[in-house]
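As structure tokens, the structure follows; a few thoughts come after it.
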Amino acid sequence: MFALLDCNNFYVSCERLFNPRLEGRPVVVLSNNDGCVVSRSNEAKALGIRMAEPWFRLRALARQHGVVALSSNYTLYADISARVMSTLGRLSAGQEIYSIDECFLDLSGMSAQERISHAQELRQTIARHVGIPVCVGIASSKTLAKLANHFAKKGLAGQDGVCDLDAMTSHQRHELFAHCPVGDIWGIGRQLAKQLQAMGLAHVEDLRRADPGAIRNTFSVTLQRTALELNGIACIDLARDIAPRQQIISSRSFGEPVDTLADLREAILYHTTRAAEKLRADGSVAHAIGVHVRSNPFQPKEPQYDRTQLVPLAQPTSDTMRLARAAMHGLQQIYRPGIRYKKAGILLTGLQSANHIETDLFDQTTSRNRQRMQTIDAINRKMGRDTIVLAGSGIERRWNMRREHVSPDYTTCWNNLPCAH
DNA sequence: ATGCTCCTGCGAA
DNA sequence: CTAACGTTCGCAGGAGCAT
């Protein structure tokens, strides 16, 4: 038996913790670069503001209704998330942290009564200890638990932010499934929903009753598993141990378009530095680095360009200088003048544990390099992220993202506390 | 026929 | 005033290649 616990309007709820004036008002949090809406308060949803709506298209409506728009502050959200997750971890047998605002929990061996009262207790504890409102969905597969959470959030399944599909009658379940579009199911996005609808499988109940073998043939094993899970046959286990990452991406849109190789070099070096830090934090090494640049696809009249160049590494490494050299080589190959670039980034792939790689008998520089990177990491951890940087990664950084309405890092930075000013 | 790598598309949050 | 549309991850499956 699985529970899926999901925080309500998570980023907005985080902002409200420290700014009570946001209570009762329409509030949205914007994606990086103040681009799109990624979190909405109930009041904002009531105004018809949709998920992923570009902010510039909402400006007029927002002014009219007094909508508060905030830049995203992932430092704050990550810290609040850690508090929610550790609180839940203490109260649960098995926990899989699925994303920044949701996790699966193992509720096996409980009666329906026990499950529902346990879920209520979780909600109250999170509200008291962290201050974040959450909803809980419960069922016998992860896909159904996600769906149950969806019903709980919409208030379709009765009381108080908890929905246990296994505590309901089959008639009640049927009613919910018959009216819920397939696009609301975990794993079914826009493309699949369109195809399924064309085949007459428009609602959850249709897919649940479909022949799994036929689904496998016309679509994929993934969708077959989804169909089985809708029938309460658990195909996807709770992931108890966190598998090491297979790739690391660092990329970002520019605040303003960039056209010089010099600016792109800075940005690529910056991202290489960030990604290499993550790589070493994971205790991994990379076999290849990919360099990615692209123009702005939302300006179709301008010349379009979108390339990534994969550069294999002679020996797998986590050394920033080596990765940077490879990245510069890749960038050189794909840079084209006369393009207004809007985004650049890098990708580290073929990740492996640093412990398992063969060391080159004739290479005496590797261990010195490793020590050097460890020292730099330690200094940057202690003194702040950009204390020691690559000279090439830029000072002025004209390409930095827009972040016009950012809130303070209330919980992780003393200097950002309002009383420090 | 089989198995590999590389690349693209899709989905998720 | 203008122009202004996210990021990071995993998985499936097809293309291309070698055996």
Side-chain angles (χ1 to χ4, degrees), chain A residues 4-11 28-40 50-60 62 69 71-72 74 77-78 81 96-104 142-143 146 149-150 182-196 216-226 235-236 239 242-257 271 274-275 278-279 282 287-288 290 292 294-302 306-312 340 342-351 401-404:
Chain A
L4 187 275
L5 183 142
D6 193 315
C7 301
N8 300 349
N9 315 336
F10 183 55
Y11 299 165
V28 298
V29 172
L30 304 176
S31 65
N32 279 328
N33 228 14
D34 293 346
C36 300
V37 171
V38 291
S39 182
R40 306 160 293 162
R50 286 179 317 181
M51 195 62 166
E53 186 77 8
W55 171 236
F56 74 90
R57 287 212 296 245
L58 289 171
R59 275 277 166 82
S71 303
S72 43
Y74 285 100
Y77 312 149
S81 171
E96 173 191 347
I97 298 172
Y98 178 69
S99 77
I100 193 164
D101 78 326
E102 60 187 300
C103 70
F104 290 101
K142 285 165 89 173
T143 302
K146 290 277 284 186
N149 188 277
H150 175 76
V182 280
D184 290 349
I185 299 169
W186 187 38
I188 299 181
R190 264 209 309 266
Q191 306 303 321
L192 273 175
K194 207 174 10 171
Q195 295 174 51
L196 286 166
R216 158 82 245 231
N217 288 334
T218 48
F219 294 95
S220 65
V221 274
T222 324
L223 196 63
Q224 181 188 29
R225 273 198 288 268
T226 301
C235 305
I236 310 168
I242 349 106
R245 260 190 299 208
Q246 300 172 27
Q247 56 175 343
I248 294 171
I249 292 174
S250 177
S251 70
R252 212 151 297 276
S253 299
F254 302 131
E256 304 288 339
H271 289 300
R274 287 284 95 81
K278 290 187 193 174
L279 187 66
D282 286 2
H287 276 81
H292 176 229
R294 77 156 165 74
S295 52
N296 185 350
F298 299 104
Q299 297 289 335
K301 287 177 186 165
E302 290 187 10
D306 183 340
R307 299 245 340 233
T308 74
Q309 178 68 49
L310 201 65
V311 184
R340 283 160 61 79
K342 188 64 167 98
K343 185 175 182 177
I346 68 103
L347 156 80
L348 301 177
T349 58
L351 303 198
M401 66 173 175
R402 255 192 305 275
R403 227 182 160 199
E404 286 175 12

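Reminder, nothing fancy here: chain letters follow the sequence lines and each chain counts from 1. Not measured: the values here are computed from a predicted model.
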Please tabulate, one pair per line, each protein N/O and nucleotide N/O from nucleotides 10-13 of chain B that are separated by under 3.5 Å, including the distance.
unit_1	atom_1	unit_2	atom_2	d
B:dG11	OP1	A:L192	N	2.7
B:dG11	OP2	A:Q191	N	3.2
B:dG11	O3'	A:G187	O	3.4
B:dA12	OP1	A:I185	O	3.2
B:dA12	OP1	A:G187	N	2.4
B:dA12	OP1	A:I188	N	2.8
B:dA12	OP1	A:I188	O	3.4
B:dA13	OP1	A:K146	NZ	2.1
B:dA13	O3'	A:S99	OG	3.3
B:dA13	O3'	A:D101	OD1	2.8
B:dA13	O3'	A:E102	OE2	2.9

Given B:dC7, C:dA12, C:dG13, identify the nucleotide with an atom nearest to the side chain of A:R216.
C:dG13
Answer whether the closest heavy-atom distance between the side chains of A:I185 and A:K146 falls below 4.5 Å.
no
Quick one: sort the A:W186 and A:F104 rings into parallel, tilted or perpendicular, breaks at 30° and 60°.
tilted
Is the shortest side-chain heavy-atom distance between A:H292 and A:L347 below 4.5 Å?
no
Given side chains that start at C-beta, do those of A:K342 and A:N33 come closer than 4.5 Å, heavy atoms only?
yes
Inter-axis angle, terminal five-pair segments of the helix from B:dA1-C:dT19 to B:dA13-C:dT7 [nearest 10°]
10°
May I ask you to say what A:L30 touches in the nucleic acid, namely base, sugar-phosphate or nothing, with a heavy-atom cut-off under 4.0 Å?
nothing
Write down the distance separating the P atoms in B:dA13 and C:dC5, rounded off to the nearest Å.
25 Å
Take atom CD of A:Q224 and atom C1' of C:dC11, then tell me their distance rounded to the nearest Å.
16 Å
In terms of the nearest nucleotide of DNA chain C, which residue is placed more toward the 5' end: A:T222 or A:R340?
A:R340
How does protein contact run along nucleotides 5-10 of chain C, one letter per nucleotide 5' to 3', with B for base contact, S for sugar-phosphate only, - for none, heavy atoms under 4.0 Å?
BSSSBB
May I ask you to test the A:K142-A:E96 pair for a side-chain heavy-atom distance under 4.5 Å?
yes
Nearest whole Å is fine: how far is B:dG9 P from A:Q195 CD?
14 Å
If we ignore angles and hydrogens, is there a donor and acceptor under 3.5 Å between the side chains of A:S250 and A:H271?
yes
Hey, does A:L30 have a side-chain heavy atom less than 4.5 Å from the side chain of A:V37?
yes
Criterion side chain to side chain contact (heavy atoms under 4.5 Å, CB included) on A:R216 and A:V221, from CA distance to verdict:
CA-CA 5 Å; A:R216 158 82 245 231; A:V221 274; 3.0 Å; yes
With no hydrogens and no angle check, is any side-chain donor or acceptor of A:S31 less than 3.5 Å from a backbone partner on A:C36?
yes
Close side-chain approach of A:R245 to A:K278, heavy-atom, < 4.5 Å:
yes
Is there a side-chain contact between A:Y98 and A:D6, using heavy atoms and a 4.5 Å cut-off?
no
